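As the structure is a computational prediction, the values presented were derived from the model and not from experiment. Hydrogens, waters and symmetry mates are skipped; everything else that's a heavy atom, side chains included, is used.
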Amino acid sequence: MAENYSTDPPEPAMPLDSKQCEAFLAVAEAGSFEQAAVALHLTPSAVSLRVRALETHLGQALLVRGRPCRATRAGRQLLQHLQRARAMERELLADLAGDGEGEGAVFSPVTLAVNADSLATWLLPSLAPTLQRERIALELLVDDQEHTHALLEAGLVHACIAAQPQAMRGCTAEPLGAMRYRLVASPAFAAEWFPRGIARASARRAPVVVFNRKDALQAQVLREAFGLQASACPCHYVPASEPFVAAVRCGLGYGMVPELQIPGAIERGELVDLLPGGAIDVTLFWHGWRQQPPRLERLARSALEAARRVLRPL
């Protein structure tokens, strides 16, 4: 007997409710129903009802209620969609408002998560012409390259520079290049602590400069070269890129410094390379939405082109 198949077309999916999406977006970005209510000029209960209705419509939870509220996996997908739509709408309105020149210029906000060493070296000079030409108002969130990706996943930024090569759903990951780090110290520090060269015992006694408690570079080189845990060494924590290099230069400790921040310093004798041949390359990737506003796409192109001129090729 032949099987019967329905010839009726499938029912179209019901469109998303704009007010419900607005409420969800406000909660996801603010982290609480109370703050979202203030932004939307509603009561927290009204915001909650709209979000709950949206979850019912989609058939799955979008938020983990807590302090702060967090988007679920489905919520993060919706959050990215809504943020893309908002960014594209803003860009369209800016284009319709005028030519983007002079007093009539309308700036489009873009939030970017970056690692501190990229920010201190190549990033801003490479992006400045595009930021000015495209009238982009940039907000930077600075974190370790191992953690910036989480900010994109959480919907807190439009794009990020990260060490992870894998792109999340709905996004792309393009290689920028590698930042090379060397274990260096001032000549006076090296003479005091490593008169016969760095070794396991001396590395354990000497103070090391670490960016912050997320920074794993020093721990990596100590583990690979000497089998030491970073906790075995006295540490200075200096959570800013230029002061970090200054701390090494003035002899507070030894640490992993990007070559881009110390051009020629080893050759001139200003710093000592404690592990010649032991450099570490950190590969960086640009993560962004697969579908994004043209201005953000052009900003990404600028970053990619500049990074591939400055960073080490993969």
Side-chain angles (χ1 to χ4, degrees), residues 76-77 80-81 83-84 87 110-131 133-134 136 138-183 211-212 214-221 223-224 241 244-245 256-263 275 277-314:
R76 289 193 296 270
Q77 290 180 256
Q80 290 176 20
H81 165 76
Q83 288 177 329
R84 284 197 299 268
V110 169
T111 306
L112 178 64
V114 302
N115 60 313
D117 291 335
S118 289
L119 182 58
T121 53
W122 63 272
L123 183 65
L124 285 182
S126 69
L127 295 186
T130 303
L131 293 172
R133 183 177 63 252
E134 300 291 342
I136 293 173
L138 186 64
E139 179 181 359
L140 293 170
L141 301 185
V142 181
D143 208 336
D144 185 86
Q145 60 268 4
E146 299 290 343
H147 298 268
T148 49
H149 188 257
L151 298 175
L152 178 64
E153 186 177 19
L156 299 177
V157 297
H158 297 97
C160 73
I161 294 173
Q164 287 88 346
Q166 297 86 8
M168 57 186 289
R169 182 188 294 270
C171 295
T172 61
E174 298 192 58
L176 294 167
M179 292 194 76
R180 173 158 289 184
Y181 290 76
R182 294 193 177 276
L183 188 67
F211 189 85
N212 59 24
K214 294 179 179 179
D215 182 7
L217 276 179
Q218 280 69 218
Q220 179 181 344
V221 74
R223 182 176 61 253
E224 292 179 354
S241 192
F244 180 98
V245 177
M256 297 294 291
V257 175
E259 281 187 340
L260 289 175
Q261 282 190 280
I262 53 169
L275 283 176
I280 292 179
D281 289 344
V282 176
T283 305
L284 299 175
F285 298 83
W286 179 278
H287 291 257
W289 297 328
R290 183 172 289 115
Q291 295 179 334
Q292 55 189 344
R295 285 182 184 178
L296 187 54
E297 175 64 31
R298 290 190 287 270
L299 185 69
R301 287 295 114 200
S302 297
L304 288 164
E305 292 168 6
R308 289 167 182 172
R309 289 194 301 268
V310 174
L311 300 181
R312 301 181 70 85
L314 302 182

With a 4.5 Å cut-off on side-chain heavy atoms, are [Y] and [X] touching?
| X | Y | value |
| --- | --- | --- |
| L151 | C160 | no |
| M256 | V221 | yes |
| N115 | F211 | no |
| R290 | R84 | no |
| V142 | V114 | yes |
| L299 | L131 | yes |
| R133 | R298 | no |
| Q80 | C171 | yes |

Quick check: closest heavy atoms across [X] and [Y], and the distance to 0.1 Å?
| X | Y | result |
| --- | --- | --- |
| F285 | P165 | CZ-CB, 3.5 Å |
| L314 | A178 | CD2-N, 4.0 Å |
| L284 | S118 | CD1-OG, 3.4 Å |
| P258 | Y181 | CG-CE2, 3.4 Å |
| L141 | V157 | CD1-CG1, 3.6 Å |
| W286 | A159 | CZ2-CB, 3.7 Å |

Task: From CA spacing to verdict: side chain to side chain contact (heavy atoms under 4.5 Å, CB included), F244, Q261 - done: CA-CA 11 Å; F244 180 98; Q261 282 190 280; over 6 Å; no
When rounded to the nearest 0.5 angstrom, what is the spacing between [atom1] in [X] and [atom2] in [Y]?
| X | Y | atom1 | atom2 | result |
| --- | --- | --- | --- | --- |
| Q164 | E153 | CD | CD | 9.5 Å |
| Q218 | I280 | CD | CD1 | 8.5 Å |
| E259 | T121 | CD | OG1 | 12.0 Å |
| T283 | R312 | OG1 | CZ | 11.0 Å |
| L112 | H287 | CG | NE2 | 12.0 Å |
| D143 | I161 | CG | CD1 | 13.0 Å |

Task: Stepwise side chain to side chain contact (heavy atoms under 4.5 Å, CB included) check, H158 with E139 - done: CA-CA 10 Å; H158 297 97; E139 179 181 359; over 6 Å; no
Task: Salt-bridge present (E146, K214; N to O < 4.0 Å) - done: no
Task: S241 and D117 side chains, donor-acceptor separation under 3.5 Å - done: yes
- [ ] Output, in order, the C-alpha distance, side-chain angles, deciding distance and verdict of side chain to side chain contact (heavy atoms under 4.5 Å, CB included) for L311 and L260.
- [x] CA-CA 9 Å; L311 300 181; L260 289 175; 3.8 Å; yes
Task: Test applied, side-chain contact (heavy atoms from CB on, under 4.5 Å); reference residue, R180; option that passes from V282, D281, V257 - done: D281
